[in-house]
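Order of appearance sets the numbers: ligands from 1, and atoms from 1 within every ligand. In this text the structure is predicted, and so the values were computed from the model without any measurement.
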Amino acid sequence: MMIPGSIKQKHKADQKKPIAGKNIGKQQVYSDQHEKTDDDSNKKEDVAPPKAPMNMDVSKLTPLQKKMLSKLSGSRFRWINEQFYTTDSDKAFEIIRKQPDLFEEYHKGFRSQVESWPENPVDLYIKRLVFRGVSKPANSPGGLPGLRNDKKRTVVVADMGCGEAELATQVDRFLEFYRKDHKKALKVFKKKYGGDKFVSARNKRIEIKVHSFDLDKVNDNVTVADIKNVPMDDESCTVVVFCLSLMGTNFLDFIKEAYRILTPGGELWIAEIQSRLADSTGEEFSNTITKLGFRHKQTDTSNKMFTRFDFFKPLKPERLDVQSIQGIRESGNEGQWLLKPCIYKRR
Ligand SMILES: C[S@@+](CC[C@H](N)C(=O)[O-])C[C@H]1O[C@@H](n2cnc3c(N)ncnc32)[C@H](O)[C@@H]1O
């Protein structure tokens, strides 16, 4: 988990220019980083700190050399993480296209952060897909939403900003096993992810297809795309997931894209780091997503470090309030007033 103390949010909003009626909080800037404003965000140098030499036999390094090596990769991880949170997605896409090695290093750093978290939100989503999928048929009360025009009622998931596509990998692996031996598959799954004794393999014909999108392809499950514009047809998905991936300063474009690809009745699941919420409660976040056409179902604050939001796309479109959101966005991007950047501290 983003250990309090191991990360800080750097709220990059220029505090001298508060956005009309918005409380944008106190600016937090690290002592070891120069102060930047959002106006700099797309102008700053897109050159990462130097890379550690390749093909090095680490076992032959002195303790000092090892320390230097780890500092180098740490600073590259922090640099790319900061780019993701403080630039828009066009810029992030360009940085990764020009320096693809950075993406691998980002995920190496992210993986090592995850190891220290008591709970990983992506595991909760894997569990939710499997438990709801096995216990109730799609489109029944409590079941997952499935495609209505499909005989199999396939649940089509878009994992937006999937990283290493853990969601697709684990769901596919489970389904393969489940089709061979549903009871055993569920038992093994419960052992790994934590069980709920009331969940049983009642729905034998579960179909879940996960599409995974990210800025680069770390494995074959991933399709390269900026999540503001993914290669999926209108209303072709039944669940859209953003697990810690609302990173770009234009992340409301990602939400609009989710609205486009979701079928009416489809669900939107969002997990974000609690300390990113500009109003700390997430109320403003939910209200904003609602103005973009979704209905708010629930906010789960049971985990101190992550807040999980559930929305759905109503069967009949509601009056959107995109205009008022656009107005606010013109005075400052959503990375300033809605979700603050999450910047890792230099150790
Ligand atoms: C913190 S990681 C989380 C990865 C994964 N969802 C998980 O929970 O393990 C966020 C991911 O979002 C991706 N991302 C951020 N902005 C993106 C964009 N505009 N388009 C595609 N992927 C993006 C990053 O590349 C990164 O892999």
Ignoring angles and geometry beyond distance, decide whether [X] reaches within less than 3.5 Å of ligand 1 through its nitrogen or oxygen atoms.
{"X": "Val122", "answer": "no"}
{"X": "Asp159", "answer": "no"}
{"X": "His107", "answer": "yes"}
{"X": "Phe254", "answer": "no"}

Exercise. Checking salt bridge (charged side-chain N to carboxylate O under 4.0 Å, His left out) for the pair Asp253/Arg329: CA distance, chi angles, key distance, verdict?
Worked result: CA-CA 11 Å; Asp253 293 336; Arg329 289 179 96 192; 3.0 Å; yes
Option set [options], criterion heavy-atom distance to [atom], minimum:
{"atom": "atom 10 (C) of ligand 1", "options": "Asp90, Leu244, Asp253", "result": "Leu244"}
{"atom": "atom 4 (C) of ligand 1", "options": "Pro121, Ser245, Gly161", "result": "Gly161"}
{"atom": "atom 3 (C) of ligand 1", "options": "Cys162, Cys243, Gly248", "result": "Cys243"}

For this session: Please say whether more than 12 non-hydrogen atoms of neighbouring residues, nucleotides or ligands are located less than 6.0 Å from CD in Glu283.
Result: no
Exercise. Taking everything shown except Lys217 itself, do over 12 heavy atoms lie less than 6.0 Å from its NZ?
Worked result: yes
In terms of atom number and element, which parts of ligand 1 are under 4.0 angstrom from non-hydrogen atoms of [X]?
{"X": "Gly163", "value": "4 (C), 27 (O)"}
{"X": "Asp226", "value": "18 (C), 19 (N), 20 (N)"}
{"X": "Phe103", "value": "25 (O)"}
{"X": "Ser89", "value": "19 (N)"}
{"X": "Ala225", "value": "20 (N), 21 (C)"}

Close aromatic pair by centroid cut-off 6.0 Å: [X] and [Y]:
{"X": "Phe84", "Y": "Tyr106", "result": "yes"}
{"X": "Phe242", "Y": "Trp269", "result": "no"}
{"X": "Phe312", "Y": "Phe294", "result": "no"}

For this session: Could you state whether Phe311 and Val230 fall into the same hydrophobic cluster, counting links through intermediate Ile, Leu, Val, Met, Phe, Trp or Tyr residues with side-chain heavy atoms under 4.5 angstrom apart?
Result: yes
Exercise. Would you say Tyr106 contacts ligand 1, with heavy atoms under 4.0 Å as the rule?
Worked result: yes
Exercise. Met247: heavy atom below 4.0 Å from ligand 1, yes or no?
Worked result: yes
Exercise. Gln274 versus Arg308: any side-chain heavy-atom pair under 4.5 Å?
Worked result: no
Exercise. Is any side-chain heavy atom of Val188 less than 4.5 Å from a side-chain heavy atom of Phe174?
Worked result: no
